[in-house]
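Note: hydrogens, waters and symmetry copies are ignored here, and every other heavy atom, side chains too, is used. First the proteins, then the strands, lettered A, B, ... as listed; each starts at 1.
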Amino acid sequence: MSTTQVDKSAPSERARKIGGMYRTYWLVMLVAVVALSLVRIATGADDITAANTLRAAILSACPILLAGMGGLWSERAGIVNIGLEGQMLLGTWGAAYFTYNYGPWVGLLGAAAMGALGGLLHGLATITFGVDHIVSGVAINIIGLGATTFLAEAFFSDYQYGGPRQLTGLDGLPFVTVPGLSDGLKSLNDQGWFVISDLAGLLAALTTKVSVVTILIAVIVVLTAWILWHTSFGLRLRSCGENPAAAESLGVNVYRYKYVAVLVSGGLAGLGGAFLALVAASGFTTNQSNGRGYIGLAAMIFGNWNPFGTLGASLLFGYTDALRLRSPSAVHALLLVVAIGLLAYAAWRFYQGARTSAIVLGLIGAAFLVWFLTTDTVPREFTGMTPYVVTLLVLALASQRLRPPAADGQVYRKGSAG
Amino acid sequence: SSSDSDGGDKASDNTSASASASADVCKDADGDGPKIGLAYDVGGRGDQSFNDSAYAGVAKAVDELDATCLEGEAQDAEPESAREDRLRQMADAGANAVVGVGFAYSDAINAVAPDYPDVNFGVVDGFDPDDKPNDNVAYFSFAANEASFLVGVAAAEKTASKQVGFVGGVHNDLIKGFEAGFTAGVKAVDPSIKVDVAYIEESDLSGFNDPAGGKTAAAGEFDKGADVVYHASGASGSGIFDAAVEAGDGNWAIGVDSDQYLTATADQQPHILTSALKRVDVATFDFIKSVADGSPKTSYVTYDLKNDGVGYSTSGGFVDDIKADIDGYADKIKSGEIKVPTAP
Amino acid sequence: MNSLKRVGFALLAPVIAVLIAVLATSVVIAASGSDSSAGDFWSVILSKPDNRLLVNILNQTTMIYLAAVAAAIGFRMGLFNIGVEGQYLLASYTAATFAGAALLPGALNIMATLVIAMAVGAIWAGIAGILRTTRGVSEVISTIMLNSIALILVGYLLDRYGLHGGNQVRTKDLPESSQLAGWLPFERPDGPIWTLGLLAVAVGVGFWVLLNKTRFGFDLRATGLSQTAAVASGIKVDRMVLISMLLSGAVAGLIWMPAYFGSAHTYGTTFQAGLGFTGIAVALLGRNQPVGMVFGAVLFAFLSTQSNTLTFQTDISPSIVQITQGVAVLAVVIAYELVRRYRIRLEQRTVARARTAPVQEVTA
Amino acid sequence: MPAAPPAPGASSTEAVIEAPEVRLIGIGKRFPGVIANHDVEVTIRPATVHALIGENGAGKSTLMKILYGVQKPDDGTIEVGGTERSFRTPTDAIGVGIGMVFQHFMLADNLTALENAVLGAEKLHGIGDKARAEFESISERYGFGLRPDVLVEKLGVADRQRLEILKVLFRGAKVLILDEPTAVLVPQEVDALFANLRDLRAHGHSILFISHKLDEVLAIADDITVMRRGTTVGSAVPGEVTKQELAEMMVGSELPSPETSESTVTDVVQLSLSGVTLTDDAGRDLLSDISFDIHRGEILGIAGVEGNGQAELVETVMGMRRLTSGRILLGEEDVTDWDTRRLRESGVGYIPEDRHRHGLLLDSPLWENRILGHQTRPPSVKGPWINRSGARKDTRRIVDEYDVRTPGIDTVARALSGGNQQKLIIGREMSGDPVLLIASHPTRGVDVGAQAAIWSHIKRARHDGLAVLLISADLDELIGLSDRIEVILRGRMVGTFDPAGVTPKDLGAAMTGGGEA
Ligand SMILES: Nc1ncnc2c1ncn2[C@@H]1O[C@H](COP(=O)(O)OP(=O)(O)OP(=O)(O)O)[C@@H](O)[C@H]1O
Ligand SMILES: Nc1ncnc2c1ncn2[C@@H]1O[C@H](COP(=O)(O)OP(=O)(O)OP(=O)(O)O)[C@@H](O)[C@H]1O
Ligand SMILES: [Mg+2]
Ligand SMILES: [Mg+2]
């Protein structure tokens, strides 16, 4: 049969596309590392690629990433979930309550369950009752904050190390260090060699005192990518976000997939809450997520509704957060990184023939360069703004390239097929 | 003097009170002493911090002065009118001593006090926001910089790496005072010791409520070589203690406001060198007593080393060996020989 | 009977929603194992407020209502301005700084300050508007980001240029000549009703007239109902987006002004944060209708003011009220959706009846 | 022989030979206020093409959705292969070998062709290489020429249609339901589709085929069932009935046709396009160098396969898109840079292609819909104010004059049927003495009665000197109404035809590029 002939060409087309995606991903990573390394050497701000900084960046990134993954799951099924913040808060409470009573592993499950409960509420409102997704999300955020504050006061006041607004001393989860490798990489990191030391810093961060939850999150990211793009379950789930009527006409139970998606979404946000209460520090306080749910959503958009894109964006936000807290002075060096990045991107756009956008980008890049050259520090307030400003800039510059699922945010009613 | 051991004792009173928080003295008190209104800041009783400390002062008053009490608690983002209303409800219910915990009550008390000339008000950390003096209001201010100085001395004496750290919750004037005192204390012992300074937030009060941020900031300082880190960051402090635990043996954290050794977890306790004490309980009790005695305190009342309003704690016994040195500095401060700066 | 029916339908959803909210709140209280019962809670909340509380409720209502209108202007045309919070924060700070500087005398100072508050709110909202019209950036995300930026920015400016004293930072006090004493409905200690509460009345009436009586309002509603149809009818949607963002931000700028001129007189600890989010919730509760939002604002102001008494009389944390409010918002949108579906079914039945002659049987 | 039943002998002998593939017995379905189906009887023989015809709203789609398990019948039974079945979901129907291609495409643009085909049928061949092989073998077997890994958004209409059929075959369906598959195809594509269908029939598939185009039905069907007002009113065999007879069975009367009377074309140019070019963001031409004039009293018809620039042309003329180069004159005036509102104010009426998206505020009452598009002109407004009573009064006029069937003007537009919504739009666009009418598919999805009324309104306005730009996929409508027909292909005008002498076939050839040679 001639099918064999077609068979050969088709996968290669597919493979080429996927390969291309990963190639750009790696290319961007490489450029970032080189730029950081250059800037480190030029400015002497060793902290910007120190293993410990990167480790802290990963820790800061994890809750954002989990929220982002939560957003990804629901939006891929067509449900916008800005209730992530509230679900994350429910997760912080669940983690605290269940860890205190049953230990940290049950705590993780409890956090996911509380988050999923918030997801269920969102699902009921948006799927069954067809309420606007943003409206429901806003309401869930109000409920999430009120409920965790109320429940904390009701339950934690009488606990040991507890109070109406906090519960500390929760049992932690284990860490993993790769023996040998970790130390070797760290000393390599200290050498200050071009690129090699920086990469060693990154690898050291990945092999030193890594929380099992961080590993779990890495697994979640990979699993998400695999489930959504390589299983029939994922195909069905995504079809609900692209064209639910078509999915239903082919026998897909759209409501069920949307519910699964929004439950997973809430559960992941809840896990993000657990990360804050159990791993990032060992204690619960009220309103602990403090906007990380929203940043997770921003990371997902920034990452173009793609798990690895979301990972990259979360790491970026986590990195600026960690650097701001650990070495505010090194933030100044980042100005140079931004300037180089923008100028490089401008050159690339120019090469592609997009003159005006290249000029705009180039001017912004030059402004950053001037800022770097004429100052010694960045006002500390501004470093705190980084994730927000970066998000706005990315959206402003790249919104045309972003591609949300076609039926994202639309209310779908059963029986609309045909 | 024995101000410190004294402090330790009182602090343990304070925890025994908060540990039995559910016992709730205000519910059962039925003496015929003064009637106290206690208006908590956000967090309320059980916050293991200055709300609890104020409660301890009231509990002591119930115990020793046959006082009765009423409690009210602030909510996040509440309107100014809610604070005023809370104070008025207390005054209307017959309280003759009303204490607002936290400077956020300054404006509300200034507005309410003139309507209740027979009631005496007190504000922790408070001040009169306008130029009309209120003759029935006492403003308690604490020389937190002096307490910070003393723990700075402790940090300087204990550091092996000649590097210590400070983590502030929010970069505002109040916390800058802690930083200034701490740095001065460290430098007084050895000017060559390096002090790393970090703040969790610049102005957003969520910096007092972010253990993860606190841990990241403190871990940064430990990673860079500090082995003692002092925090003034409210509920974020548990993150600083966690960072000390993770940094391992020989690394210390210093607590703030109350004796945090007593409320810390078993893991954290071996790392809590000392705490800078701000005796809100003393201020509260003194104020109530002054009302009961018929000579109510008014206007600015400063609590400092001299009147035991601030100090440091010794629980855990980690500073026993350097106690004499610290007390020596305390005496110099009391005598005015050392002037502790209030801003960095 | 038709108008009776319409009123019935209009009331049906809110009534269902309030019942659900009451039920959910009671269940949460019972489940929390608190010493006080749900009955205690409701008897405190539903007790008749004192005169002083009545004044507070009214004053809070005006600010919440302004916030609700600010949000509703966007919502009515399908724009989710989540950024009311940041807009009024920045506007309040700027206005207080300007008014405190006393560059103008008395009433002029008040006027100019109001204009500045509106302008700053409008500009901050306008950023999101411009990002949306020129770059296609969703206003939901951009306004959330702008909220955080505004918070940091105000902190920075206040720290840098504010008056430091007694552990606080604040703007310069409003000169006495520009303060507005308000009206005393009861005794002096019960407090005044703020003069600029009138802003809420003016804005509410203005919003109603704008929506229902003007061409612009028609365009706004049409854009909200169907952007595609709006474009085809000659409405320039981008322009509408920008204008309504600016309007929404301008109203947001006014939110805190009644309190500022009425009692706070400075931007510091007396600033009341969070009204922006409350406004969004109230707008949703009131279906973005000028009159509906009045009820929503009163309900929210009533609940939060009454909840202050909870700590004196029960063991229940006042934060329970947030659950009541959140559930009410969610329940009301669900209830409206259900009632809407039911109404459409009814209408279609009427239409079908009015349509053609009965089906006649045809045999092959 | 009106309403002729099939020769009783023929069907009974066939019934002896082979059991029916599908039998629908006494099916009934009620919606609130509408009886969509009642007492429906259809029998489909194996390996045949069975046509189902009937006017708009006759209940065809509803019946098919019932057979496919999308909707549940209130009465009646379904037999497949002699066994009684009841379907709760499409999955049940798919399980017994029934597949359906809906009236509107059911494809996810952002997924690949293979993913669309595999969706919901992953159990059969997985989602990997086996599925790809199956996809390719079906595509090969029926000559569809589809590649599995292209994104659906890159496919043209005909390819999408084939993908829809492939989807059904992928599930191993024995019975294919095709709901108006030819509505968006040109005659040549229809021929290709019919060749596919005959192929399928030869492979033993049964096909249920719905169409309004009686020529097509007569060309492909083995059996015909006619529906009217929710029930089956008869059946016929192609060789034995004429088009006219079928039409009478469908509507119970003579089929109207859009014959124009004598020409009313004047020599005053009302609309003039010269060199109009429109490029998209990526720099591709959507419209290239389009020039034409429309005179007062003239109807210019535009023929073309959907997606060849008609929508863009209309939106450019309406000022909803900015042209890249060229000039547009309205009367004497250069309106190239005018926005939609200004154009509308100067007398351009617009009947949009998609009335739900572009023509109406579905949740607003009729009188507010009257204002839409006329926000700056009386009687809807006075200065910056809405003139409520004026708008209401004029809405009542439209409801009367255009026979809009509604209980009142406070009814929301959504509650009206499609035809009545369309009549309201036409009444609105004809108000205020327009000089130019842009009518996109004015009778799409409208039943014959309303269709005739709409035609006569357009003809009357033309008689009164209106210039009309008419876009339609219905070639009979174009030929019947237009004074001149231009054919558009890939954004270019590729030929002008005189409706008097042109056949749908000729137009079809030009529309697909076959006429260029
Ligand atoms: N979900 C529904 N709810 C209410 N009424 C409906 C629904 N679906 C169809 N109808 C009504 O049932 C009747 C039959 O509709 P159906 O779509 O089956 O017609 P059709 O013969 O397919 O028409 P067309 O030729 O326009 O496709 C119409 O009056 C229609 O309005
Ligand atoms: N999906 C649906 N849900 C609810 N009601 C519907 C639906 N589809 C159609 N209807 C109702 O069915 C009726 C007829 O609608 P439809 O547009 O299908 O009719 P039609 O056959 O095109 O009418 P006309 O005879 O005017 O051409 C209307 O009352 C409409 O509201
Ligand atoms: Mg005073
Ligand atoms: Mg149909």
Report the C-alpha distance between B:Arg45 and A:Ser157 in whole Å, list the side-chain angles of each, state the deciding distance to 0.1 Å, and finish with yes or no for side chain to side chain contact (heavy atoms under 4.5 Å, CB included).
CA-CA 9 Å; B:Arg45 175 151 47 81; A:Ser157 296; over 6 Å; no
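- Of all non-hydrogen atoms in A:Ser282 and B:Gln268, the two that sit nearest each other are OG-NE2, 4.3 Å.
- Along residues 241-255 of chain B, the residues that come nearer than 4.5 angstrom to chain A, judged on non-hydrogen atoms, are B:Asp242, B:Glu246 in order of number.
- Taken from CG in B:Asp76 to OG1 in A:Thr286, the straight-line distance is 6.0 Å, to the nearest 0.5 Å.
- The stretch residues 208-218 of chain B places B:Asn209, B:Asp210, B:Pro211, B:Ala212, B:Gly213, B:Lys215, B:Thr216, B:Ala217 near chain A, each with some heavy atom under 4.5 Å from a heavy atom of that chain.
- Nearest approach of A:Leu325 to B:Tyr199, heavy atoms of both residues: CD2-O, 3.9 Å.
- Taking 4.5 Å as the heavy-atom cut-off, the residues of residues 46-58 of chain A that approach chain B are A:Asp47, A:Asn52, A:Arg55, A:Ala56, ordered by number.
- Here the OG atom belonging to B:Ser206 is positioned 11.5 Å from the CD atom belonging to A:Gln288, to the nearest 0.5 angstrom.
- In this structure, the portion of A:Phe175 lying under 4.5 Å from any heavy atom of chain B is its side chain and not its backbone.
- Ranking A:Ala152, A:Ala322, A:Gly162 against chain B, the residue ahead of the rest is A:Gly162, based on heavy-atom pairs under 4.5 Å.
- Residues of residues 88-95 of chain A never come closer than 4.5 Å to chain B when only heavy atoms are counted.
- Between the A:Arg324 side chain and the B:Ile200 main chain, a donor and an acceptor come within less than 3.5 Å of each other.
- Only the side chain of A:Glu153 comes within contact range of chain B, with heavy atoms under 4.5 Å apart.
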Working note: A:Gln160 + B:Thr265, criterion side chain to side chain contact (heavy atoms under 4.5 Å, CB included); need CA distance, chi angles, decisive distance, verdict.
CA-CA 9 Å; A:Gln160 194 193 6; B:Thr265 66; over 6 Å; no
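- Heavy-atom pairs under 4.5 Å with chain B peak, among A:Asp321, A:Val279, A:Thr285, at A:Thr285.
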